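This structure is a prediction, so every number in the text was calculated from the model and none was measured. Letters A, B, ... mirror the listed sequences (proteins, then strands); counts begin at 1.
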Amino acid sequence: MTAADIPDRYDPRAIQEKWQLRWDAMDTFRASDDPADTRPRTYLLDMFPYPSGDLHMGHAEAYALGDAMARYFVQRGHNVLHPIGWDAFGLPAENAAIRNNSHPADWTYRNIETQAASFRQYAVSFDWSRRLHTCDPEYYRWTQWLFLRFYERGLAYRKDGYVNWCPIDQTVLANEQVIAGKCERCGAEVVRRVLTQWYFKITEYADRLLADMAALEGKWPDRVLLMQRNWIGRSEGAEVSFEIEGRDVPVTVFTTRPDTLYGATFFVVAADSPLAAELCTPSERAVLDAYLADVRKLTDIERQSAEREKTGVFLGRHAVNPVNGERIPVWAADYVLPDYGTGAIMAVPAHDQRDLDFARKFGLPVRVVVDTGGPDPEQTGVATPGEGTLVNSGPLDGLSKADAIARITEILTGKGLGRGAVSYRLRDWLVSRQRFWGAPIPVVYCDGCGEVAVPDEQLPVLLPDLRGQELAPKGVSPLAAAADWVNTQCPKCGGPAKRDTDTMDTFVDSSWYFLRYCSPRFEHGPFEVEAVRRWCPIDLYVGGVEHAILHLLYSRFFVKVLHDMQMLDFTKPFTALVNQGQVINHGKAMSKSLGNGVDLGVQLAEHGVDAIRLTMIFASPPEDDIDWADMRPEALVRFLGRVVRVAAEVAAAGTAGGRAADGDLELRRVTHKTVDEVTRLVESTRLNVAVARLMELVSAARRAIDGGPGAGDPAVREAAEALTVMLSLFAPYTAEECWEVLGHEPSVARAGWPAADPALLVEDMVTCIVQVDGKVRDRLEVAAAISGDELRELALAAPGVDRALAGRAVRTVVVRPPKLVNVVSQ
RNA sequence: GGGGCCGUAGCCCAACGGCAGAGGCACAAGUUUUAGGUACUUGACAGUGUGGGUUCGAAUCCCACCGGCCCCA
């Protein structure tokens, strides 16, 4: 190569096309399942995408991050599993199919191919041989199989439950699809409706899911752990039994404040609970029914809102306070939810704001039983939930809140009227969906045998071939209309039976996909136990914070169940987690309605893949949001151009074969220090800083070429090569091109991570800061190995110190060799 | 209402309790160029949201307040 070959322009398109073709033939990133392969194994997982269209800016950030980490471990010589698949069931496909009179699979697989092509262009280091789609029968067969295992263990069960129902679209909506009480698609007022639904008994694992998080401390983002803890919502308190007049069996309520039991002046049951219907006296029936019609229009969130005015109706009946025998009225209200605890509470208006609001609205008594020193809640309308001394509470009088809780729990336990108890906010997971494009629930209903599980050998229960208008909402799952499909034989008695027409929540599909990747074609189970043992748990999981609660919680639940089934030898699926931030534009999330969307394809075409990947990485710490309006991808294009020129000039100087040790020492120090720092930065996922270090190395190499020993110096080649390998994590095309220019065989992806020579990291001389009273007054060039005493003497003799002291005496001297001395004056 | 995170040059961001500036953008000047652009070099710009406290020393730790974001109500 000669000087004439040095490119004066960086042309990303040309090198992208060139290397895409060559990489396709190389299969560089296939993970090895060979047991004889002794390289350390690393399982690096990116959250799989939903195929909603082509990849977008958010994907570009997430996969740039995950890919950099995966490529790092490859460079370190690990056997890396970095798979990809698609979370491919879900409602958008169904809506598209209705619109286009087609099958949801058409839209889904078309989008998957589009995204797969974009991933290829984006140069993500996936092991494509393990690709999976959750909507493939080979996959959802095992989703169904897992459902049946849960069913066998009593972890999948059916009960009547409330769902959000859109009367226009005639379908059930997820909570997230209900915006301010209205259907997000048609704007109709959503109503609550009782349907018989399948649930997973995740509450049985609440304590274990909570306990596990201690071990994830420091490995998962704090905010995710916090969100999960809040979501599980453990609270300690007591269960208290209340006799209800005219009812044989007492009703148990859970309270976190059993100490306030003497202040319970009324009793509230959820208006829409079976208990309310049961307790309602005939004379109040009409009132309750009228009230219920209103209640059913509300979402849980609205019902619990503190701002909303309290509503409720008296049920014409009384409960008895177990500690003082007092008759207290039983009310039905919507601020108590039917599926939380027992659907009933004891109301202590003096010390609970919602109870107080309710009491004031309906003229119910307020009795202070904890003297907090605050003003009377009945007068102020402000409840006093804080610490204080018990009053008006018989044996509890004079006790503190904590002592009273202990004492009353003891008393209740002794009398068989209650006991200490723990309650969780977490509810069982409703998995039924009245939708087509999901995994059918593998259960049939037989007139003779009742609910019957589909036998394993009949799996998968394939979706019928419905398309277009057949998928339009009709009030029941679209599957119900497929008579040929619904009507089947009972696996037990052979008689006529009907299939369950609901499909599973797509979160079920994604709760175990990471296990399938270990043996994606395995035909005798959801995964091969040995393969999972080899790869799992996942070393690093990369994905959006939007999955901080549900997906991560469900996956943890699945892994625990599978562990209990002795199919897994670990209980925590994701050892470490990184949540990348969002890509926003002008301060707001990109959205069609705001018209602030940025098209990834346009960005890639304009600046090239590598510059966009680098822009994403360099923008900010991975967990922070990136405001695209603040980004200048052309700056990274420029940077890549500088890298290419350095490599080309080194190549043109024809230095191959020179010993690095003979090279310019100053540049060598910079190179090795950069390697050392970048290594640490990548391992702690501080990739934005790592890129900044690479920029410095390029500048150092540039200076060495222009104003130092020149491009022919072996140290410059050493710098260029180390730079190229490190850059390959972020800008694989440019790095590959440079690697070839520097005279190496592809692929740079496997070149091996450079090693920093410790001898080049130690500095002989360092600058010591000399402070007087904490302010910098002088600096000294000293030997790095200088002793404290020696440094103290030098510092006290420094002219700047003398000047700053201005004759004052020295009180003490803080010496931190070799970098700092602080002289403290009187 | 409870809990958490974050406020550093015009902008994006660095800084084991120890020189506030690593890097980038934008800006200015210079070299190259017929010019522009490119490339290269150089420069200027903040004292860390506000007020206290701890410390020899605080952007960093603690408290309060202001502003923004998130989770739970």
Side-chain angles (χ1 to χ4, degrees), chain A residues 6-10 221-233 235 300-308 335 337 340 352-354 382-383 385-386 425-426 545-546 548-549 579 581-582 584 587-589 614-621 623-639 641-642 644-646 649 673-674 677 680-681 684 686 688-700 702-703 705-707 766-780 800 810-826:
Chain A
I6 294 167
D8 61 345
R9 208 170 70 86
Y10 166 65
D222 289 342
R223 60 174 168 166
V224 174
L225 294 175
L226 185 73
M227 280 191 255
Q228 294 232 340
R229 286 193 176 105
N230 285 343
W231 190 260
I232 295 170
S235 52
D300 283 5
I301 291 163
E302 290 169 320
R303 289 175 63 159
Q304 293 178 91
S305 162
E307 279 83 55
R308 227 180 90 255
Y335 77 96
L337 298 178
Y340 186 55
D352 181 280
Q353 190 61 48
R354 289 167 306 170
V382 179
R425 210 191 70 89
L426 184 68
V545 74
E546 66 273 16
I549 299 179
N579 282 136
Q582 279 188 290
I584 61 176
K588 297 211 169 63
L614 265 177
T615 302
M616 293 288 182
I617 295 292
F618 183 56
S620 66
E623 58 275 14
D624 288 3
D625 286 350
I626 295 173
D627 194 331
W628 198 251
D630 295 331
M631 295 303 121
R632 295 275 92 90
E634 56 272 24
L636 284 303
V637 174
R638 219 140 55 203
F639 166 68
R642 300 183 83 199
V644 170
R645 278 189 300 277
V646 166
E649 287 172 48
K673 191 156 177 282
T674 303
E677 287 185 16
R680 279 203 299 267
L681 290 165
S684 50
R686 290 155 68 208
N688 54 325
V689 188
V691 173
R693 294 289 170 271
L694 296 184
M695 289 174 171
E696 290 175 68
L697 182 55
V698 173
S699 294
R702 181 81 261 155
R703 275 194 303 275
I705 292 172
D706 292 342
V766 295
T767 303
C768 175
I769 300 306
V770 184
Q771 301 176 333
V772 175
D773 295 328
K775 293 190 179 57
V776 180
R777 296 302 186 190
D778 212 332
R779 49 198 74 206
L780 301 166
V810 172
R811 183 156 58 119
T812 180
V813 183
V814 179
V815 187
R816 297 276 181 276
K819 289 269 181 75
L820 179 117
V821 177
N822 188 11
V823 179
V824 184
S825 71
Q826 286 291 359

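- Electrostatic pairing of A:Glu649 and A:Arg645 does not count as a salt bridge here, judged by no charged N lying under 4.0 Å from a carboxylate O.
- Within 4.0 Å of A:Val814, counting heavy atoms only, lies at least one base atom of the nucleic acid.
- A 3.5 Å limit on both hydrogen-bonding distances identifies no Watson-Crick or G-U partner for B:rA22.
- Residue A:Asn688 places no side-chain N or O under 4.0 Å from the OP1 or OP2 atom of B:rG23.
- In this structure, the CG atom of A:Leu225 is 16 Å from the P atom of B:rC71, given to the nearest Å.
- Nearest-nucleotide positions on RNA chain B place A:Leu681 closer to the 5' end than the other of A:Leu636 and A:Leu681.
- If you measure from atom CG of A:Asp778 to atom P of B:rG18, you get 21 Å, rounded to the nearest angstrom.
- Residues A:Asp625 and A:Asp627 have side chains not in contact (no heavy-atom distance under 4.5 Å, counting atoms from C-beta outward).
- Only the C1' atoms considered, B:rG1 is 32 Å distant from B:rA59, to the nearest whole Å.
- Among all heavy-atom pairs drawn from A:Ala548 and A:Met227, the shortest one is CB-CE, 3.7 Å.
- At whole-Å resolution of the value, CD in A:Gln582 and P in B:rC69 are 13 Å apart.
- One interatomic measurement links the two molecules: CD of A:Glu623 to C1' of B:rC5, which rounds to 11 Å at whole-angstrom precision.
- Taking atom C1' on both nucleotides, B:rG68 is separated from B:rU55 by 31 Å, rounded to a whole Å.
- Going from the P atom of B:rU41 to that of B:rA26 covers 16 Å, rounded to whole Å.
- Comparing the P positions of B:rG43 and B:rG3 gives a spacing of 50 Å, expressed to the nearest Å.
- With a cut-off of 3.5 Å on both pairing distances, the Watson-Crick or G-U wobble partner of B:rA39 is B:rU31.
- The base of B:rG4 does not come close enough to the side chain of A:Arg223 for any donor and acceptor atom to sit less than 3.5 Å apart.
- A:Trp628 places a side-chain heavy atom less than 4.5 Å from the side chain of A:Pro633.
- In this entry the distance linking CZ of A:Arg777 with C1' of B:rC56 reads 14 Å, nearest Å.
- Judged by atom type and distance alone, A:Gln771 reaches the base of B:rG18 through a side-chain donor-acceptor pair under 3.5 Å.
- Rounded to whole Å, the C1' atom of B:rU60 lies 23 Å from the corresponding atom of B:rC70.
- Residues A:Arg702 and A:Ile705 have side chains in contact (heavy-atom distance under 4.5 Å, counting atoms from C-beta outward).
- Atom-to-atom, CG of A:Asp222 to C1' of B:rC70 comes out at 14 Å; the value is rounded to the nearest Å.
- A gap of 37 Å separates the P atoms of B:rU33 and B:rG10, to the nearest Å.
- At the heavy-atom level, A:Pro621 lies under 4.0 Å from the strands shown only through sugar-phosphate atoms.
- In B:rG53 the O4'-C1'-N dihedral to the base is more than 90° from 0, which defines an anti nucleotide.
- With salt bridges taken as basic N to acidic carboxylate O contacts below 4.0 Å, none links A:Glu677 and A:Arg680.
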Which pairs, protein N/O on one side and nucleotides 26-31 of chain B N/O on the other, fall under 3.5 Å?
residue	atom	partner	partner atom	Å
B:rA26	OP2	A:Arg638	NH2	3.4

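- A donor-acceptor contact under 3.5 Å is formed by the side chain of A:Arg779 with the base of B:rC19.
- With both pairing distances under 3.5 Å, B:rG67 is matched to B:rC6 as a Watson-Crick or G-U wobble pair.
- Residue contacts for A:Ser620: at a heavy-atom cut-off of 4.0 Å it reaches the sugar-phosphate backbone alone, with no base atom in range.
- Separating the C1' atom of B:rU48 from that of B:rC19 is a span of 15 Å, rounded to the nearest Å.
- A distance of about 30 Å separates the C1' atoms of B:rC45 and B:rG52, rounded to the whole Å.
- Between the side chain of A:Asn822 and the base of B:rC56 there is at least one donor-acceptor pair of N/O atoms closer than 3.5 Å.
- Here the P atom of nucleotide B:rU42 and the CG atom of A:Asp706 are 11 Å apart, to the nearest Å.
- Position along RNA chain B of the nearest nucleotide to A:Asn230 versus A:Arg642 favours A:Arg642 as the more 5'-ward residue.
- Under the Watson-Crick or G-U wobble criterion, with both distances below 3.5 Å, B:rU54 is left unpaired in every strand shown.
- As rounded to whole Å, 15 Å separates atom P of B:rG24 from atom CZ of A:Arg702.
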